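Just so we're clear, the structure is a prediction, and the values are computed from it rather than from any experiment.
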Amino acid sequence: MKLYKNSRLGKLTLLASAGMLTLSACTAGFEEINNPKHAASAEQLAVDSYNIGSFITQMQNISFPEQENEYQMNYDLIGNYLGRYLTYTVSGWNGKNFAVFNAPDGWVRYPFRSVTPKVVSAFNDIKRLAAVGGANYKEDINYNWALILRAHAMLSLTDKYGPFPMGLDASKPNAYNAQGDIYKALIADLDAAQEFLGRNNPGNLSINDDKIYGGDFTKWRKFANSLKLRMAIRMRFVEPELAKKFAQEAINAGVIESNEDNALRAYVPRGLYKTSVEWGDSRMCADIDSYMNGYDDPRLEKYFRSAELETKRPLIGLLAGSNTKNKDQAVRLYSAAEAASDSKGVWMTAAEMWFCRAEGALAGWEGMGGSVKELYEKAVTTSFGQWGVSGAAAAYLKSEQTPDNYEDADGGHGSDMPAASSISPMWDEGSSDEVKLERLIVQKWIALFPLGQEAWSEIRRTGYPKVFDIKTSKNGYTLLVPNRIPFDSEEKVNNPEGYAGAVKLLGGADDYATPMWWQKK
């Protein structure tokens, strides 16, 4: 291997311009994943000119998936639909999707089967290669970078399923771990990685295989701390003191504060472009239509395109869970996402971090950097800046406008709905903490677009934004959105002991209703 030498970093592998390695999915838990029979030996890697960079690339590709199939199956069909940003147009999906609590088994198991083996196998190979020649892998920059990437990918998985086989006990590789334990383990990994980056201060190393920050590890350190802050806020209602501690540590160590440090993924063609624009499988959801049209929010035209068949309004959504009668007609009646083939995917933003800090201040935590009002307004203003629109301070944050009643398109596929909320953008210091939380989370939800996974988590965690009910069958469920997705059903056969333990840790039925560990509000 060709190496960079640095007196502070030790060795840094010169990352190869290698594509993502395609690995077969695991069907029997983590035992096979942790000991993959298909893994290349060190000698084979040398012969095939692979190095640690190919595995770093693999981890980025699955942690920030923009390839259309990975994006659609891991994020679009789940987070984007359940976060109420988008909904489907495909008539063949009527009654068989996550929004109506009845997704096909192949959809349910896909994240487990696709993400898990790729992340774990790549991480193990990075760790092994970082230890070549007896080196201390914990002092290798690639290993610490991989800790951050693994944390981002695994957080998404546990927030979909709940308990997950993270391999926290090496003697029980097939065992599922409690979600709280997973959170704490991932935060410990982030702490180790950011401490390494802070101690070694690698700065910008101009690495081609860094698909997010181009080798700027100062920004990767901020990303690690920001991911920790995201997780701390998620834990707020279940372990408030620990959440406070983690949030304060993250902010003190340095989180993303400006749009220049946002985590954006360049991938051509972009996943959201393929699913919504080129394929036409998704269109704007009625919920975000109601809120953003009601607020005359200038970001709306940055998020969505005008409908081809304009009837009630140019930017128009479809009610979640509707039975679409004809995809070609639905594609023309409702608004597609405003995404280009070469526009960047959004994975972490400064606006999100300012909203997290505002919520921390609302909870009474010290060290958030300002009052709740100041941080809330900073968050909204930062989001406006991210999308290149003006008027946050002059108009939007002074607005008392409320969400619109939803009116379906003429000849549409859904139904009209009264507004789900009467919250406005303007901060009201005299309102109750609950009203303040709703206002804050509604604006956070808007600013998180198109990060549907996080939007769905906010709805589950706080109950905000208030969303429309589904007017078609919800298959016996009374929830507005699922609390989770079920485990891979084949785990009952392939990993019966692990599955039984997972259900026990879940504390309820393996269905869409049992809440996440952090849903304690």
Side-chain angles (χ1 to χ4, degrees), residues 25-35 73-74 77-79 81-82 96-120 150-151 153-187 231 234-235 237-239 453 456-457 459-461 474-521:
C26 167
T27 59
F30 266 39
E31 184 170 19
E32 183 179 343
I33 295 169
N34 286 331
N35 299 281
M73 297 302 295
N74 287 308
L77 296 176
I78 306 173
Y81 291 6
L82 301 184
K96 292 285 290 183
N97 59 78
F98 290 108
V100 297
F101 305 79
N102 192 35
D105 286 345
W107 291 18
V108 171
R109 67 171 60 104
Y110 190 92
F112 176 75
R113 298 279 188 98
S114 174
V115 176
T116 311
K118 292 170 186 169
V119 169
V120 175
R150 183 176 69 165
M154 289 300 183
L155 178 62
S156 174
L157 286 172
T158 189
D159 283 347
K160 288 181 176 75
Y161 295 103
F164 203 78
M166 263 288 292
L168 299 184
D169 183 349
S171 69
K172 299 178 180 179
N174 288 334
Y176 281 64
N177 303 115
Q179 191 173 35
D181 292 341
I182 293 171
Y183 261 61
K184 291 161 193 173
L186 295 181
I187 286 175
M231 295 172 72
R234 191 92 82 243
M235 295 168 58
F237 297 115
V238 64
E239 292 202 31
Q453 171 84 23
W456 175 37
S457 291
I459 294 171
R460 292 180 287 169
R461 181 179 71 89
K474 293 193 291 184
N475 294 287
Y477 289 87
T478 59
L479 300 169
L480 297 181
V481 299
N483 286 329
R484 60 184 293 273
I485 66 174
F487 297 125
D488 178 358
S489 61
E490 292 188 358
E491 282 285 273
K492 298 174 187 177
V493 175
N494 295 330
N495 183 19
E497 185 177 349
Y499 177 79
V503 175
K504 185 176 180 180
L505 289 172
L506 190 61
D510 179 20
D511 59 14
Y512 290 93
T514 301
M516 294 281 110
W517 159 75
W518 39 258
Q519 286 182 263
K520 296 296 183 181
K521 180 175 175 288

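Between Thr514 and Gly508 the shortest heavy-atom distance is OG1-C, 3.6 Å. The minimum heavy-atom distance between Tyr161 and Met516, with the atom names listed, is C-CE, 3.8 Å. When all heavy atoms of Pro163 and Leu506 are compared, the closest pair comes out as CD-CD1, 3.6 Å. In this structure, Leu505 and Ala178 approach most closely via the heavy-atom pair CD1-N, 3.6 Å. In this structure, Val481 and Ile459 approach most closely via the heavy-atom pair CG2-CG2, 3.7 Å. What you find for Pro111 and Ile78 is that their closest heavy atoms are CG-CD1, 3.8 Å.
Checked against the 6.0 Å centroid threshold, Tyr176 and Phe487 count as a close aromatic pair.
Using a distance-only test at 3.5 Å, with no hydrogens or angles considered, no donor-acceptor pair links the side chain of Thr158 to the main chain of Gln179. Here the side chain of Asn177 pairs a donor or acceptor atom with the backbone of Met166 at under 3.5 angstrom. Side-chain atoms of Tyr183 never come within 3.5 Å of backbone atoms of Arg234 as a donor-acceptor pair (strictly under, hydrogens ignored). In terms of modelled atom types and a separation under 3.5 Å, the side chain of Ser114 and the main chain of Tyr110 share no donor-acceptor contact. Panel note: side chain Asn97, backbone Val100; a donor-acceptor pair is recorded below 3.5 Å. Here the side chain of Trp456 pairs a donor or acceptor atom with the backbone of Pro482 at under 3.5 angstrom. Formation of a donor-acceptor pair under 3.5 Å by the Asn495 side chain with backbone atoms of Asn174 is found in this model.
Residues satisfying the side-chain hydrogen bond (donor to acceptor under 3.5 Å, both in side chains) criterion with Glu239, sequence neighbours excluded, are Lys184. Looking at residues two or more places apart in sequence or on another chain, you find a side chain to side chain contact (heavy atoms under 4.5 Å, CB included) between Asn483 and Arg460, Leu479, Pro515, Gln519. Remark: Lys492 engages no residue in a salt bridge (Lys or Arg N to Asp or Glu O under 4.0 Å) (not counting sequence neighbours).
Pairs passing the salt bridge (charged side-chain N to carboxylate O under 4.0 Å, His left out) check and including a residue from residues 509-521, sequence neighbours excluded, read Glu434-Lys521, Arg484-Asp510. The salt bridge (charged side-chain N to carboxylate O under 4.0 Å, His left out) contacts involving residues 160-172 comprise nothing, where partners must be two or more places apart or lie in separate chains. Here salt bridge (charged side-chain N to carboxylate O under 4.0 Å, His left out) pairs that include residues 494-504, with residues two or more places apart or in two chains, number zero.
In this structure, CD1 on Ile182 lies 9.0 Å from CG on Leu157, to the nearest 0.5 angstrom. In this structure, CG on Asp105 lies 7.0 Å from NZ on Lys96, to the nearest 0.5 angstrom. How far OH of Tyr512 is from CG of Asn102: 6.0 Å, rounded to the nearest 0.5 Å. Between Leu480 atom CG and Leu82 atom CG the span is 12.0 Å, to the nearest 0.5 Å. The CE atom of Met73 sits 10.5 Å away from atom CZ of Arg109, with the distance rounded to the nearest 0.5 Å.
For the residue pair Asp159 / Trp518, a side-chain donor-acceptor distance below 3.5 Å is found, with atom types taken as modelled.
In this structure, Tyr477 and Phe101 have parallel ring planes: the angle between them is below the 30° cut-off, well short of the 60° mark.
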